A.B. asks: 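Got a structure here, written out as structure tokens. Questions coming.
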Amino acid sequence: MIRKAVIPVAGIGSRMLPLTRALPKEMLPVGDRPVIEHTVRELVECGITDITIVVSGRKALVQQHFAPDEDLEGQLRATGKEQLAHAISRVSSLANISYVYQQGPYGNGTPILNAARYWHNEAFLVLWADDVFVSETPRAQQLIEAYQATKAPVIALTPIEPQSAPDYGVPVLEKQTGEGRFLISGLVEKPAVHEAPSSFGAIGGYVLTPGVVDEIRGAVETWSRHSEGEIYLTDALHRHAAKSPVYGQVMNGTWLDTGSMLSYFKAQLTYMTSHPTYGDEVRDLALRLCASES
């Protein structure tokens, strides 16, 4: 059973500057909570108990958000705001969250190696904290179920338009092995439109195994001798898929990317129109605004 997960958050969020100059992109709100809290709650809902967040020196606010704050809770309770005090307490007790500072070469493979070195040989989840996934069955649960069926690394996939291929890692599909599940033989990172090997893109959710970690470790060892290039998870998965099974699982649900300014605005509107408390009013406002422009 998968109980561990990694959330890499060491990046600087350059596509969201100047908004992320002081505020980490993972702390940008979507609805009534920051993006990274959506990520943590998704993992906890799927039975994950141990979460390692890989940070840099600029991400103190991430740690502060999940830290206990007895003073604030006490002030809220003293003024009769028991519900808010409980909400604050709940955030700090969601899971066993630990922090590791990213060390090593640039690239999104390095934080995974930083976290995995503290664990025994076991599979674990990786989710980025720059998106929100809305679905009846959480994305993490869909990934876990795919892993349980295959006992191999699994990549979250979504259908993409051909013109969007340069924005994604695109899998090379070998055959379909189940509902929405494909055996893949490789990944092409950000291919040209006419060179995309399939009509699916990887969307930042993975179950990784020790074999993939070994691929990342080998890449870092090579880098240490030559100090060239960056270390990417896509490259490690591509190499692993050439010699061992790797699967892609098409996700059921709505993927809300928050990694660029426009996608963040879209994510906010999409999430808030379906919010259980505020959704009706937000939809009414959107309809009125649209009507006033026509």
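Values below: all heavy atoms of this structure, side chains included; hydrogens, waters and symmetry mates excluded. In this text the structure is predicted, and so the values were computed from the model without any measurement.
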A.B. asks: May I ask you to say whether Arg41 pairs ionically with Glu45, meaning some side-chain N is under 4.0 Å from a carboxylate O?
C.D. replies: no
A.B. asks: Is a side-chain N or O of Ser244 found less than 3.5 angstrom from the main chain of Ala241, in a donor-acceptor match?
C.D. replies: no
A.B. asks: For Tyr106 and Tyr232: C-alpha separation, side-chain torsions, deciding distance, then whether side chain to side chain contact (heavy atoms under 4.5 Å, CB included) applies.
C.D. replies: CA-CA 9 Å; Tyr106 288 113; Tyr232 287 107; over 6 Å; no
A.B. asks: Decide whether Met272 and Val134 are clustered together by the hydrophobic rule: side chain heavy atoms of Ile, Leu, Val, Met, Phe, Trp, Tyr closer than 4.5 Å, transitively.
C.D. replies: yes
A.B. asks: Do the side chains of Ile203 and Phe133 get nearer than 4.5 Å, heavy atoms only?
C.D. replies: yes
A.B. asks: Evaluate Gln102 against Ser56 for side-chain hydrogen bond (donor to acceptor under 3.5 Å, both in side chains), listing each step before the verdict.
C.D. replies: CA-CA 6 Å; Gln102 179 164 329; Ser56 66; over 6 Å; no
A.B. asks: Taking the side chain as everything from C-beta on, heavy atoms only, tell me whether Val207 gets closer than 4.5 Å to Phe124.
C.D. replies: no
A.B. asks: Work out which heavy atom in Val40 is nearest to a heavy atom in Ile51; give both atom names and the distance.
C.D. replies: CG1-CD1, 3.9 Å
A.B. asks: With no hydrogens and no angle check, is any side-chain donor or acceptor of Arg181 less than 3.5 Å from a backbone partner on Tyr247?
C.D. replies: no
A.B. asks: Where do Asp130 and Asp257 come nearest, in terms of heavy atoms and distance?
C.D. replies: O-OD1, 3.4 Å
A.B. asks: Please confirm whether the backbone N or O of Gly178 pairs with a side-chain atom of Gln176, one donor and one acceptor, at under 3.5 Å?
C.D. replies: yes
A.B. asks: Would a distance-only check, ignoring hydrogens and angles, find a side-chain to backbone donor-acceptor pair under 3.5 Å from Glu189 to Tyr168?
C.D. replies: no
A.B. asks: If the plane angle is over 60° it's perpendicular, under 30° parallel, otherwise tilted; pick one for Tyr206 and Trp128.
C.D. replies: perpendicular
A.B. asks: Begin from the C-alpha positions of Tyr147 and Glu145 and carry the test side-chain hydrogen bond (donor to acceptor under 3.5 Å, both in side chains) through to its verdict.
C.D. replies: CA-CA 5 Å; Tyr147 171 75; Glu145 291 174 0; over 6 Å; no
A.B. asks: Would you say Ile7 and Ile144 are hydrophobically clustered, going by side-chain heavy atoms of ILVMFWY under 4.5 Å?
C.D. replies: yes
A.B. asks: Between Gln268 (side chain only) and Pro29 (backbone N and O only), is there a donor and an acceptor less than 3.5 Å apart?
C.D. replies: yes
A.B. asks: Between Lys266 and Leu256, does a side chain to side chain contact (heavy atoms under 4.5 Å, CB included) hold up when you go through it step by step?
C.D. replies: CA-CA 8 Å; Lys266 290 180 177 179; Leu256 305 176; over 6 Å; no
A.B. asks: Any idea which heavy atoms bring Pro138 and Cys46 closest together, and the distance?
C.D. replies: CB-SG, 3.6 Å
A.B. asks: Tell me whether Ser263 contacts the main-chain N or O of Ser260 through its side chain, where contact means a donor paired with an acceptor under 3.5 Å.
C.D. replies: yes
A.B. asks: Using 0.5 Å steps for rounding, measure from the CD1 atom of Ile36 to the OG1 atom of Thr258.
C.D. replies: 11.0 Å
A.B. asks: Got a sec: does the CZ of Arg58 have more than 12 other heavy atoms crowding it under 6.0 Å?
C.D. replies: no
A.B. asks: Checking Gln142 against Thr137 for the side-chain hydrogen bond (donor to acceptor under 3.5 Å, both in side chains) test, could you report, in this order, the C-alpha distance in whole Å, the side-chain angles of both residues, the deciding distance, and whether it holds?
C.D. replies: CA-CA 7 Å; Gln142 295 179 54; Thr137 302; 5.4 Å; no
A.B. asks: Could you tell me whether Gln148 atom CD has more than 12 heavy atoms of other residues or ligands within 6.0 Å of it?
C.D. replies: yes
A.B. asks: Hey, any chance Val9 and Leu127 share a hydrophobic cluster, counting ILVMFWY side chains that come within less than 4.5 Å of each other, even indirectly?
C.D. replies: yes
A.B. asks: Quick one: do Asp50 and Arg3 make a salt bridge, cutoff under 4.0 Å?
C.D. replies: no
A.B. asks: Using side-chain heavy atoms (C-beta onward) and a distance below 4.5 Å, is Val35 in contact with Lys25?
C.D. replies: no
A.B. asks: Go through the steps for Arg225 and Glu221 under the test salt bridge (charged side-chain N to carboxylate O under 4.0 Å, His left out), then give the verdict.
C.D. replies: CA-CA 7 Å; Arg225 293 191 296 269; Glu221 290 172 354; 5.4 Å; no
A.B. asks: Would you say Val154 and Val250 are hydrophobically clustered, going by side-chain heavy atoms of ILVMFWY under 4.5 Å?
C.D. replies: no
A.B. asks: Is it the case that more than 12 heavy atoms not belonging to His275 sit under 6.0 Å from its NE2 atom?
C.D. replies: yes
A.B. asks: So if you build clusters from Ile, Leu, Val, Met, Phe, Trp, Tyr with side-chain heavy-atom gaps below 4.5 Å, do Leu233 and Val172 land together?
C.D. replies: no
A.B. asks: Could you go through Glu195 and Lys190, starting from their C-alpha distance and side-chain angles, then the distance that decides it, and tell me whether this counts as salt bridge (charged side-chain N to carboxylate O under 4.0 Å, His left out)?
C.D. replies: CA-CA 10 Å; Glu195 295 177 347; Lys190 299 181 179 180; over 6 Å; no
A.B. asks: For a quick test of reading the model, state the closest non-hydrogen atom pair linking Met251 to Ala156 and the distance between them.
C.D. replies: CG-CB, 3.8 Å
A.B. asks: Output yes when a side-chain donor or acceptor of Thr150 lies under 3.5 Å from a complementary backbone atom of Ala146, and no otherwise.
C.D. replies: yes
A.B. asks: Report yes if the side chains of Ile184 and Glu174 come closer than 4.5 Å at any heavy-atom pair, otherwise no.
C.D. replies: no
A.B. asks: Walk me through whether Leu125 and Ile48 qualify under side chain to side chain contact (heavy atoms under 4.5 Å, CB included).
C.D. replies: CA-CA 9 Å; Leu125 274 159; Ile48 299 300; 3.7 Å; yes
A.B. asks: Go through the steps to decide whether Thr20 and Leu17 satisfy the test side chain to side chain contact (heavy atoms under 4.5 Å, CB included), and finish with yes or no.
C.D. replies: CA-CA 5 Å; Thr20 53; Leu17 288 170; 3.5 Å; yes
A.B. asks: Please name the residue in the list Asn252, Asp131, Thr158 that meets the side-chain hydrogen bond (donor to acceptor under 3.5 Å, both in side chains) test with Arg139.
C.D. replies: Asp131
A.B. asks: What is the minimum heavy-atom distance between Val6 and Pro111, and which atoms define it?
C.D. replies: CG1-O, 4.4 Å
A.B. asks: Would you indicate whether Glu70, at its atom CD, is surrounded by more than 12 heavy atoms from other residues, nucleotides or ligands within a distance under 6.0 Å?
C.D. replies: no
A.B. asks: Aromatic contact between Tyr271 and His38, with the criterion being ring centroids under 6.0 Å apart: yes or no?
C.D. replies: yes
A.B. asks: Please check if atom CZ in Arg117 has more than 12 non-hydrogen atoms from other residues, nucleotides or ligands closer than 6.0 Å.
C.D. replies: yes
A.B. asks: Over all heavy atoms of both residues, which pair between Glu179 and Gln249 is shortest? Give the atoms and the distance, please.
C.D. replies: O-NE2, 3.1 Å
A.B. asks: Indicate yes or no for a side-chain donor-acceptor contact from Lys4 to the backbone of Glu122 under 3.5 Å, with no hydrogens or angles considered.
C.D. replies: no
A.B. asks: Hey, what's the ring geometry for Phe200 with Phe182, parallel, tilted or perpendicular (30° and 60° as the breaks)?
C.D. replies: tilted
A.B. asks: Could you tell me whether the side chains of Tyr101 and Gln103 share a donor-acceptor contact shorter than 3.5 Å?
C.D. replies: no
A.B. asks: Distance-only, no hydrogens or angles: does the His238 side chain make a donor-acceptor pair with backbone N or O of Leu187 under 3.5 Å?
C.D. replies: yes
